[in-house]
Enquirer: 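Take this structure first; my questions come after.
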Amino acid sequence: MRLRPVGEDSLLIDLDTPEEAQAWYARILSRRDAGTLMPVRDIVPGDRTVLLYGVAVADAAAQLQQWSVPPSAADSGPLIEIPVHYDGADLRVVAALWGVTEDEVARIHSGREHRVAFCGFSPGFAYMLGLGERYHVPRRAAPRTSVPAGSVALAGPYTGVYPRASPGGWQLIGTTRMPLWDLEREPAALLTPGTRVRFVPQEASLESTRATTMGTATKGRKA
Amino acid sequence: MSGGKLEVVRAGALTTLQDLGRFGHASLGVPRSGALDQPAHRLANRLVGNPPGAATLETTLTGVAVRLTRPAVAAVTGAPAPVRVNGRPAAWTAPVHVPAGALLEVGAPTSGLRNYVAIGGGIAVAPVLGSRSTDLLSGLGPAPLTGGEILPLGTPTGSPLHTDSLVWQAPPEELVLPLLLGPRDDWFTPATMKTLAAGRFEISQHSNRIALRLEGPALERAVHREMPSEGMVLGAVQVPPDGSPVVFLADSPTTGGYPVIGVVPEKELSAAAQAVPGLTVRFVPHRLRHRHQSPSQKRAAAAMQEHPV
């Protein structure tokens, strides 16, 4: 663990692995909830870092030196299931990169647990880790000017879901109708750092059949 | 003088609502937002008797014109600009009485970029996550103003401040930004660190509320691997692969994947908020020294400096 001051009033806790960073973030939150954390304005986890934003730097550094933080248990944190249609525009590209069929992309991606490492890019956009290194993919050479809300996408080691339509360069593998960001909800983000995530494949054909046959019955109901 | 409405007669190039910002949600990816020139925003509120967190209008380059349905005290601060009430010249950076139905106009600044318009009682749109600020990156808060739009006003709570001792500094010929090095200055070559201190940069016209984009000598990296995304602070100077530094302003993202060579202290950013495209920028890099250190703080400071500089 290295401590790097950031400007006049912030401190970056720099760690070697995402697992360590997640454990430190969990520890910081539990200290905050217990009322034993130094005063800090905002806490921002990163891939291998935790930023204490708005803190008395020297005091905080002295305190953090005393901590020993063991890696957190893999099954800690809330679990959320996200239904996904694996029908993304880049599914074929990802299948080719992985050297598998498109169906296998869905099977592999939904067959393991992911975990929100941190948020960023836009409110409620979660960077989830969980795919082995052989499944890491590059970003698209040319970003799209608009990626639809609910797009499930891959870049580098991460899976992300676009909370709203925005430009984006990630490889789209599927879509979900689950609202990622809802200001009426507390917290507004569905996926907060530390949350465990399982993607549950939905049958696209079944869904479209249901939409046709039950069209009249479901009218007026919210999707 | 309770309630009342504000009608936008002329929205200007880009006018948004701003307050102190949106805090406590950075871990969810919510930018800080808030007035870019915080001292000007606070002064405008103080002049009309508002608390510092009341929402003001932040204008860009061409001012704004509004009409109020009730009499109010208004104040225009920030860049020096002509102020008119029903066509008559009025004071800049002073409380101005605006009768009901009168037109309050702010013209283009004679220098600088942004004005702050406070109305006694504040602009009382519903807050989003604790703030009324427009966030241009994420779309949170009210959309930028459009002509004909009507906004609700709050109830005045304090008394206008009359003062004749305001300090006004003419905008400089160049923007000098102190820069506290780190957290990732060790990703850059020694030559780059010299360039950073000696180089002259120019503010690009692609600058906005998200960032001040600079053009000039390229800042070259010593480390070429990809940097895992990490938390970003207001004033962070991030260096993307093209080597052109970017100074993070209020609407910047909460995390970023390029190394931050240094951080401009918050109090220096109000000058950056008034800097027009084409202006020269110079950095004055230095390292933070902690005074009055206890032994444990000294040990911590030593631990913080164990990474190569």
Side-chain angles (χ1 to χ4, degrees), chain A residues 1-14 17-18 21 25 29 41-54 56-66 117-127 156-158 163-164 166 181 183 187-189 191-194, chain B residues 22-32 128-129 135 137-140 178-186 226-236 253-257 260 262-267 287-288 290-307:
Chain A
M1 188 271 283
R2 291 161 303 281
L3 296 172
R4 297 171 183 266
V6 181
E8 287 176 329
D9 69 347
S10 300
L11 192 59
L12 192 68
I13 307 170
D14 191 6
T17 64
Y25 180 65
L29 289 197
R41 200 172 57 214
D42 236 326
I43 304 159
V44 193
D47 184 282
R48 269 149 231 213
T49 53
V50 182
L51 172 70
L52 300 180
Y53 192 167
V57 172
D59 285 342
Q63 254 195 62
L64 294 169
Q65 293 289 321
Q66 314 296 319
F118 61 97
C119 295
F121 176 63
S122 77
F125 188 99
Y127 290 74
Y158 306 112
R164 61 172 194 146
S166 62
W181 180 257
L183 283 167
L191 304 176
T192 58
Chain B
R22 205 166 265 123
F23 296 96
H25 308 283
S27 66
L28 306 181
V30 176
R32 173 161 167 174
V128 175
L129 297 177
D135 176 344
L137 181 77
S138 72
L140 292 177
L179 188 71
L180 283 163
L181 291 173
R184 300 289 175 190
D185 50 311
D186 50 347
E226 229 174 89
M227 192 189 81
S229 289
E230 63 189 27
M232 293 282 139
V233 301
L234 187 63
T254 54
T255 58
V260 170
V263 177
V264 178
E266 251 177 77
K267 59 178 182 293
R287 261 172 220 293
L288 196 59
H290 289 288
R291 277 163 257 149
H292 314 300
Q293 285 180 333
S294 68
S296 68
Q297 286 173 339
K298 275 185 190 145
R299 280 196 300 278
M304 286 192 290
Q305 272 154 23
E306 71 184 21
H307 69 272

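Since the model is a prediction, treat every value here as computed from it, not as a measurement.
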Enquirer: Hey, does B:Glu230 have a side-chain heavy atom less than 4.5 Å from the side chain of A:Asp14?
Expert: no
Enquirer: Between A:Thr49 and B:Ser229, which heavy-atom pair has the shortest distance, and what is it?
Expert: OG1-O, 4.2 Å
Enquirer: Find the one option among B:Gly257, B:Ala236, B:Gly182, B:Gly139 whose heavy-atom pairs under 4.5 Å with chain A are most numerous.
Expert: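 Counting heavy-atom pairs under 4.5 Å, the top option is B:Gly139.
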Enquirer: Against chain A, work out which of B:Leu137, B:Val263, B:Val233 has the most heavy-atom pairs shorter than 4.5 Å and name it.
Expert: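 Top option by heavy-atom pairs under 4.5 Å: B:Val233.
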Enquirer: Which atoms of B:Met232 come close to chain A, meaning under 4.5 Å heavy atom to heavy atom: side chain ones, backbone ones, both, or neither?
Expert: backbone
Enquirer: So, taking the atom named SG in A:Cys119 and the one named NE2 in B:His25, what distance separates them when rounded to the nearest 0.5 Å?
Expert: 13.0 Å
Enquirer: Name the region of B:Val260, side chain, backbone, both or neither, that has any atom closer than 4.5 Å to a heavy atom of chain A.
Expert: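 For B:Val260, there is no contact with chain A at all, as no heavy atom is under 4.5 Å.
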Enquirer: Considering only heavy atoms, which portion of B:Leu140 lies under 4.5 Å from any heavy atom of chain A: side chain, backbone, both, or neither?
Expert: side chain
Enquirer: Is it the backbone or the side chain of A:Ser122 that comes under 4.5 Å from a heavy atom of chain B, or both, or neither?
Expert: backbone
Enquirer: Using modelled atom types and a 3.5 Å cut-off, is there a donor and acceptor pairing between side-chain atoms of A:Arg48 and backbone atoms of B:Met227?
Expert: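 Absent.
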Enquirer: Considering all heavy atoms of both residues, which atom of A:Val44 and which atom of B:Gly231 are nearest to each other, and what is their separation?
Expert: CG1-CA, 3.9 Å
Enquirer: Check whether A:Tyr53 gets within reach of chain B through its side chain, its backbone, both or neither, counting any heavy atom under 4.5 Å.
Expert: side chain
Enquirer: If you round to the nearest 0.5 Å, how far is CZ of B:Arg32 from CG of A:Asp42?
Expert: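 It comes to 9.0 Å.
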Enquirer: Calculate, to the nearest 0.5 Å, the distance between atoms CZ and OG1 belonging to A:Phe125 and B:Thr254 respectively.
Expert: 11.5 Å
Enquirer: Using a 4.5 angstrom heavy-atom cutoff, name the option from A:Gly120, A:Ser166, A:Pro157, A:Pro123 with the most pairs to chain B.
Expert: A:Pro123
Enquirer: Side chain, backbone, both or neither: which part of A:Leu183 has a non-hydrogen atom closer than 4.5 Å to chain B?
Expert: side chain
